[in-house]
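Let me begin by presenting the structure, written as structure tokens, before commenting on it.
Naming convention: chains lettered A, B, ... in sequence-line order (proteins, then strands); numbering from 1 in each chain. Computation of the quantities below employed the complete heavy-atom set of this structure, encompassing side-chain atoms and omitting hydrogens, waters and symmetry-equivalent molecules.
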Protein chains: 2
Amino acid sequence: MIKEERFERIREELAKKGIVDGDELAGLLGVSRATIRRDLDALEERGFLKRTHGGAQATDPEDELPFHSKVSAYMREKRAIGLAVAALVPEGAVIGCTGGTTVMAAIKCLKGKSVTVVTNAINVAMELAPSEQAQVIVTGGSLRTRSYELVGHIADRTLGEFHLDLALIGVDGIDIERGISTYTIAEAHAAALYISQAERVWVVADHSKAGKVAPALIAPLAKVHRLVTDPGLDAGIQARLEAAGLEVIVAAS
Amino acid sequence: MIKEERFERIREELAKKGIVDGDELAGLLGVSRATIRRDLDALEERGFLKRTHGGAQATDPEDELPFHSKVSAYMREKRAIGLAVAALVPEGAVIGCTGGTTVMAAIKCLKGKSVTVVTNAINVAMELAPSEQAQVIVTGGSLRTRSYELVGHIADRTLGEFHLDLALIGVDGIDIERGISTYTIAEAHAAALYISQAERVWVVADHSKAGKVAPALIAPLAKVHRLVTDPGLDAGIQARLEAAGLEVIVAAS
DNA sequence: CATTTTTTGATCGTTTTTGCTCGTTTTACC
DNA sequence: GGTAAAACGAGCAAAAACGATCAAAAAATG
């Protein structure tokens with residue numbers, strides 16, 4: 001394990017959790033705390049992170065990752081959701097996933113797990129490209145400006161060829177009456193396809209999406225098996241979602 | 001095990017892991033660390049990697065961050081080639097392009113032009129994603145670790161559905177007798193498909209590729225209409241390529 | 001087959017990296 | 001607000017890696 005390799009691992013860990021602990025890193029990488037502190041110094045020098053007592057935290061999520069993956073509000077919450085999802089995904093699973101920032105957070109945590117990921121989002125594919133364990137299938141299709149998602153008949157046809165253990169759907173709204181929804185028809189169409197091909201459906205969304213309805217409806221709540229969200233979720237809404245038969249996982253932040 | 005073969009193996013390892021360890025390579029290739037160090041020196045000289053204490057790391061062609069002043073091999077030349085290609089591509093063209101750093105350089109220069117790009121390289125797609133003018137079609141397929149290319153029957157089928165005005169092919173070797181070639185069979189296969197679907201074929205390659213033959217042959221020279229390269233091209237080789245009916249464009253640097 | 005050239009492995013002094021210790025600073029807790 | 005625990009920075013010695021040099025081995029050449 002050479003220095004640059006450690007740097008890489010530290011940055012990866014940082015992308016996953018947003019905050020890293022010196023002791024933990026020392027154990028994980030098999031070096032002393034002194035070395036970790038020196039590494040963190042070097043990485044701070046290069047602007048990749050900010051030192052804190054006991055560890056370090058990610059610098060403002062603008063440029064912390066390759067290929068300007070769009071980040072946004074509720075980054076901390078999304079990270080927690082991502083970690084929770086990764087912990088729940090079994091080794092070897094075949095996962096279909098849409099684009100979206102919350103899904104991306106989960107994908108970051110899946111690096112290093114041996115799973116098969118089928119996706120129509122090229123930023124998801126890009127994120128997993130360096131991983132040796134993960135097998136990635138890209139649907140193909142016409143690239144939508146800004147959202148990094150592939151749509152159209154090519155995407156549809158490819159998706160139809162796969163059976164998924166799990167569909168990981170990022171949404172812009174989740175509502176008792178109207179189910180899950182998103183902003184554009186093309187994305188909703190892709191999400192619905194994932195759902196029709198999957199054995200189980202997990203929705204990932206930060207708490208701000210609860211109770212909202214976005215213009216393009218994807219599917220009713222009955223199609224969804226599990227919602228992974230953050231502790232900001234309103235207790236009343238949670239109770240009603242659970243009453244509707246949804247398993248709600250609240251990620252500890 | 002001869003030197004070139006070791007170079008090949010080292011580059012392979014580097015492509016897979018991004019970072020290599022000297023000791024590990026010595027064991028893997030059955031030679032001493034001194035030899036590995038010399039190999040790494042030679043490869044750094046050619047710009048394929050960056051030496052570090054204990055090993056080396058891949059020069060990431062995307063990494064244009066200020067502190068990593070060192071970029072991939074022949075970057076200046078590739079930029080010049082990219083500019084020349086962009087100037088030659090007519091507005092509205094349908095272009096198929098493979099992956100590879102030289103192609104990427106050209107794609108960067110195509111941003112803002114209203115063209116349709118069909119590609120199996122997700123880094124190419126990523127680069128063009130923010131562009132409002134460019135229309136991007138991604139073939140889909142199975143993602144190759146670290147090379148960002150999609151391969152397999154999905155990619156083949158999608159490519160077969162398009163007619164291209166122009167195929168933009170990045171190669172690792174161009175030779176009078178053996179034609180154009182690349183390092184892996186999968187890439188060669190994809191390149192050959194682009195060629196079969198295209199009206200015209202342009203090869204982009206820096207001068208170091210001239211006269212070389214890589215393991216996986218793509219097509220004979222007769223299939224290629226134009227080579228865009230940099231002024232470093234050997235005059236004798238250029239004369240022979242032109243005698244073989246190839247239009248050689250030398251990009252002013 | 002002999003000779004020349006290239007390549008490889010080994011050695012040695014030097015530089016970098018790493019882990020440890022010790023006194024100081026920060027954080028957490030009562 | 002005071003005290004204990006944890007983390008920090010600096011300095012130092014051991015370990016690992018480096019560059020340079022040289023001789024042996026392998027390959028190419030005539």
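Screening residues 207-222 of chain B for salt bridge (charged side-chain N to carboxylate O under 4.0 Å, His left out), with sequence neighbours left out, gives Asp206(B)-Lys209(B). Within the structure, ring pair (Phe, Tyr, Trp, His ring centres under 6.0 Å) pairs that include any residue of residues 205-253 of chain B comprise Tyr74(B)-His207(B) (at least two apart or interchain).
With rounding to whole Å, Glu45(B) atom CD is found 13 Å from dG19(D) atom P. Rounded to whole angstrom, the span from the CG atom of Leu40(A) across to the P atom of dA7(D) amounts to 13 Å. Distance Leu29(B) CG to dG9(C) P: 11 Å, rounded to the nearest Å.
In this view, Glu8(B) satisfies the salt bridge (Lys or Arg N to Asp or Glu O under 4.0 Å) rule with no residue, not counting sequence neighbours. When the salt bridge (Lys or Arg N to Asp or Glu O under 4.0 Å) test is applied to Asp39(B), the partners found at least two apart in sequence or on another chain are Arg6(B). Remark: Arg226(A) pairs with Glu247(A) by the salt bridge (Lys or Arg N to Asp or Glu O under 4.0 Å) rule, at least two apart or across chains. For Lys113(A), there are no salt bridge (Lys or Arg N to Asp or Glu O under 4.0 Å) partners, not counting sequence neighbours. Looking at residues two or more places apart in sequence or on another chain, you find a side chain to side chain donor-acceptor pair (under 3.5 Å) between Thr35(A) and Ser32(A).
Remark: the Glu132(A) side chain and the Thr145(B) side chain contain no N/O donor-acceptor pair separated by less than 3.5 Å.
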Between protein and nucleic acid, restricted to nucleotides 24-29 of chain D and to nitrogen or oxygen atoms under 3.5 Å apart, what atom pairs and distances do you find?
none

Check: residues 235-242 of chain B side-chain donor-acceptor pairs under 3.5 Å, at least two apart:
unit_1	atom_1	unit_2	atom_2	d
Gln238(B)	NE2	Glu242(B)	OE2	3.4

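Two residues are said to be in side-chain contact when any heavy atoms from C-beta on lie closer than 4.5 Å; Thr98(B) and Tyr194(B) meet this criterion. Using a 4.5 Å cut-off on side-chain heavy atoms (C-beta onward), Ile174(B) and Leu221(B) make contact. No side-chain heavy atom of Trp202(B) sits under 4.5 Å from any side-chain heavy atom of Ile249(B).
An end-to-end axis angle of 50° holds for the helix from dC1(C)-dG30(D) to dC30(C)-dG1(D), taken from five base pairs per end and rounded to 10°.
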Exercise. Reading nucleotides 17-26 of chain C 5' to 3', which nucleotides get B (base under 4.0 Å from a protein heavy atom), which S (sugar-phosphate only), which -?
Worked result: SBBB-----S
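A salt bridge links Glu127(B) with Lys111(B); the closest basic N to acidic carboxylate O contact falls under 4.0 Å.
The stretch residues 20-28 of chain B does not touch DNA chain C, since none of its heavy atoms comes less than 4.0 Å from the strand.
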